[in-house]
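Let me begin by presenting the structure, written as structure tokens, before commenting on it.
Just so it is clear, the structure is predicted and the values come from calculations on it, not from any experiment. In what follows, chains are A, B, ... by sequence order, proteins preceding strands, each numbered from 1.
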2 protein chains.
Amino acid sequence: MNIKTIAKMAGVSVATVSKIINNYADIGEETKQRVLKIMNDVGYMPSSSAKTLATKKSNLIGVVFAGQLNSDLSHPYFVSVLDAFKRQIGLLGYDLLFFSNEKFFREKEDYLARCRHFQVEGCIIIAGDQVEPSVNLLDSSDIPCIGIDIKLTGNNSAYLTSDNAKISSCAVEHFYMSGYRDIGFLGINRVTEVTTTREVAFKEAMNMFGLNINSDWFTYSEDFEGESGYQAMKKLIARGSLPRAIFAVTDLLAFGALRAMKEHQIRVPDDVAIIGCDDLLACQYSDPALTTIKQDKEKIGKLAALMLYDMINQQMDPKVIIVEPELVVRQSCGGA
Amino acid sequence: MNIKTIAKMAGVSVATVSKIINNYADIGEETKQRVLKIMNDVGYMPSSSAKTLATKKSNLIGVVFAGQLNSDLSHPYFVSVLDAFKRQIGLLGYDLLFFSNEKFFREKEDYLARCRHFQVEGCIIIAGDQVEPSVNLLDSSDIPCIGIDIKLTGNNSAYLTSDNAKISSCAVEHFYMSGYRDIGFLGINRVTEVTTTREVAFKEAMNMFGLNINSDWFTYSEDFEGESGYQAMKKLIARGSLPRAIFAVTDLLAFGALRAMKEHQIRVPDDVAIIGCDDLLACQYSDPALTTIKQDKEKIGKLAALMLYDMINQQMDPKVIIVEPELVVRQSCGGA
DNA sequence: CTGAAAGCGCTTACAG
DNA sequence: CTGAAAGCGCTTACAG
């Protein structure tokens with residue numbers, strides 16, 4: 001079923017049908033209704049590829065999970081952001097194309113090429129670590145890109161991130177105000193925009209409050225999984241000296257730490273208090289419920305869609321938007 | 001940059017370039033290498049839409065979240081399945097097209113039309129509730145479809161689901177063997193393949209063990225969110241009489257129930273034991289850690305990809321595959 | 001081993 | 001208000 005058939009059935013030209021599909025004004029009302037009815041009756045649907053080929057517009061947004069060790073659909077934080085993004089960009093009429101990371105044309109991991117290949121109109125790039133050069137290529141291309149937690153610098157790029165410095169200072173401040181002075185840090189052994197910022201800011205905040213930075217109380221997990229947080233916490237415990245409070249750069253890591261402490265009969269928050277970051281769903285149900293710095297996933301995803309849309313359509317000047325984090329007090333950080 | 005330019009640069013015909021791209025055998029090695037080098041140098045990438053238009057193959061798999069109240073990217077269980085699916089289907093060379101549910105051509109929610117529109121080669125359909133007729137249309141079309149937790153009956157469809165009857169009997173059996181006799185049920189107020197099966201099987205299992213089914217101990221949440229499980233549990237508590245154990249059809253609901261009980265100083269498992277279903281990550285960190293019936297998300301997602309691939313390529317006879325669930329014992333169900 | 005040409009299903013100036 | 005025709009960038013018999 002194609003446009004030609006419809007034209008024939010209606011006794012009009014292909015051009016006329018095309019104009020009706022695309023809502024051109026200069027079509028007789030009677031003709032329009034007649035053609036519309038026929039299309040409806042036979043369930044005609046224009047071919048996307050033909051349209052894309054003719055117009056260079058695909059109505060598709062590419063989603064790329066950047067980095068060697070990308071989070072894909074496995075990190076609850078990014079999934080939530082993406083969920084909000086999908087909802088909003090859907091309202092604006094776009095569908096989403098998830099590039100598989102596994103395989104591609106002649107084995108090359110070339111995002112820009114893939115975007116051209118599918119003629120996507122814009123991209124959302126989700127942060128990962130060890131970001132490949134091909135992401136930079138995409139970033140600096142003419143394809144509008146919106147980054148989540150990844151600093152994009154291209155002329156047609158913008159990015160969103162929580163205020164990561166503030167996240168750390170929030171945590172330290174809350175510890176301080178709750179009477180904690182001996183504060184440790186559970187970080188991650190990978191070079192990421194986000195985690196690096198949080199660690200630097202953590203130290204600055206410690207300094208600001210005149211608190212001692214004790215490197216014995218710093219421990220690092222291998223990746224973003226809860227299991228790795230567990231391992232990292234066990235390493236810290238094994239060292240013998242424990243801080244009274246720990247800031248974990250991510251809820252997932254905090255959960256792992258919680259499990260390690262439970263195993264070692266270390267009571268939270270009585271022996272060691274802990275604050276995470278993200279406000280994953282599971283924070284409400286953990287033992288104890290996790291005090292955390294909330295990132296507004298809903299807002300970030302929605303804003304990303306809106307900004308990308310503007311960049312695609314009105315050549316809006318790309319910007320960076322920093323979203324405010326928020327302290328959510330639960331049970332894992334009492335008072336010292 | 002198109003095939004014509006490459007042909008001109010290499011001094012060969014467009015047809016020859018096309019054959020090289022598609023790895024035809026009947027091309028001179030020298031020619032081939034020369035053209036390949038040029039494509040590489042200029043970073044040429046064939047246009048997907050032109051290729052699709054010419055071949056009717058898009059290398060795209062559509063993902064549809066069925067149902068009025070679909071789970072989209074918000075239900076951790078389906079996200080995990082999808083994650084595994086994406087990884088495997090990516091290895092097989094496909095990218096994923098997520099249809100936005102929000103809006104479409106002339107406001108119609110017609111999945112089949114959308115699939116034709118994009119010429120997707122196959123679809124994965126994720127269960128939701130109040131499934132629209134348009135999903136049935138897609139199911140009974142010639143497009144290969146693989147369902148997750150949704151019974152597909154079309155000639156080119158297959159589906160995967162955990163053995164939901166067994167899930168319930170596992171739970172009841174474990175309760176029974178742990179000494180519990182007064183068992184309640186936390187279900188969901190929506191007509192879904194999965195939840196209906198679990199409820200029916202729950203009652204059958206209760207009968208099998210000669211246990212009393214007390215309707216006072218049945219309570220239903222409005223949807224799949226933890227918050228709704230919380231509300232449902234509060235309703236049950238308000239009725240005054242509590243069972244000694246509860247089977248929640250979903251971990252998310254169980255988490256909500258956990259919170260409600262904590263608020264009412266009901267100890268788990270001392271006062272009321274609970275078993276969930278899914279084995280979400282959060283089960284490990286909840287208070288207490290949740291005993292659950294695990295669905296093998298990894299396996300289901302991977303199998304779905306493999307089956308869909310076979311259906312697309314070798315016209316494999318569609319099948320239904322039932323995946324075995326597995327009891328995971330943690331702390332929420334001790335001994336009575 | 002290589003190429004000319006028709007065709008895939010649309011859109012878009014342009015002419016009337 | 002409507003239509004003829006070129007063009008988008010590929011693939012694929014078919015001919016040589």
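Proximity of A/Tyr24 to the phosphate of C/dT11: no side-chain N or O atom is located under 4.0 Å from OP1 or OP2. Here B/Thr16 reaches the OP1 or OP2 of C/dG3: one of its side-chain N or O atoms lies under 4.0 Å away. Here A/Tyr44 reaches the OP1 or OP2 of C/dC10: one of its side-chain N or O atoms lies under 4.0 Å away.
Among the protein residues, B/Lys19 comes within range of the nucleic acid bases, having at least one heavy atom under 4.0 Å from a base atom. If you check every strand for non-hydrogen atoms under 4.0 Å, B/Thr52 touches nothing. Among the atoms of the strands shown, base atoms are found under 4.0 Å from some heavy atom of A/Ser18. Heavy atoms of A/Asp26 sit under 4.0 angstrom from at least one base atom. Using a 4.0 Å heavy-atom criterion, one finds that B/Val12 contacts the sugar-phosphate atoms exclusively.
Contact check on B/Asp142 versus B/Arg116 returns a salt bridge, with a Lys/Arg side-chain nitrogen under 4.0 Å from an Asp/Glu carboxylate oxygen.
Nucleotide C/dT12 holds its P atom 13 Å from the CG atom of A/Asn23, rounded to whole Å. In this structure, B/Phe118 atom CZ and C/dC10 atom C1' are separated by 14 Å, rounded to whole Å. Distance B/Ile20 CD1 to C/dG3 P: 9 Å, rounded to the nearest Å. Nucleotide C/dG9 holds its C1' atom 9 Å from the CD atom of B/Gln119, rounded to whole Å. Computed from coordinates, the B/Ile27 CD1 to D/dT11 P distance equals 12 Å when rounded to whole Å. In this structure, NZ of B/Lys8 is placed 13 Å from C1' of D/dG9, rounded to the nearest angstrom. Between B/Lys4 atom NZ and C/dG3 atom C1' the separation is 15 Å, expressed in whole Å. For A/Ile6 and C/dC10, the CD1 to C1' distance is 13 Å, given to the nearest whole Å.
With contacts defined as side-chain heavy-atom distances shorter than 4.5 Å, the pair A/Leu308/A/Pro144 qualifies.
Checking C/dT12, D/dT2, C/dC10 against the side-chain heavy atoms of A/Asn2 singles out C/dC10 as nearest.
Expressed to the nearest 0.5 Å, how far CG of B/Leu152 lies from CG of B/Asp139 amounts to 3.5 Å. The line from CD1 of B/Ile300 to CD of B/Glu298 is 10.5 Å long, rounded to the nearest 0.5 Å.
Of the possible donor and acceptor atoms, none in the side chain of A/Thr192 sits under 3.5 Å from a partner among the backbone N and O of A/Val194.
Judged by closest nucleotide on DNA chain D, A/Glu29 is the one of A/Glu29 and B/Val17 placed further toward the 5' end. Comparing B/Ala54 and B/Gly11 by the nucleotide of DNA chain C that holds the closest heavy atom to each, the one mapping nearer the 5' end is B/Gly11. Residue B/Ala15 is the one, among A/Thr55 and B/Ala15, whose nearest nucleotide of DNA chain C lies closer to the 5' end (criterion: closest heavy atom).
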Go through the steps to decide whether A/Tyr44 and A/Thr5 satisfy the test side chain to side chain contact (heavy atoms under 4.5 Å, CB included), and finish with yes or no.
CA-CA 10 Å; A/Tyr44 165 71; A/Thr5 317; over 6 Å; no
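Of the nucleotides present, D/dC14 is the one that pairs with C/dG3 by Watson-Crick or G-U wobble criteria, both distances under 3.5 Å.
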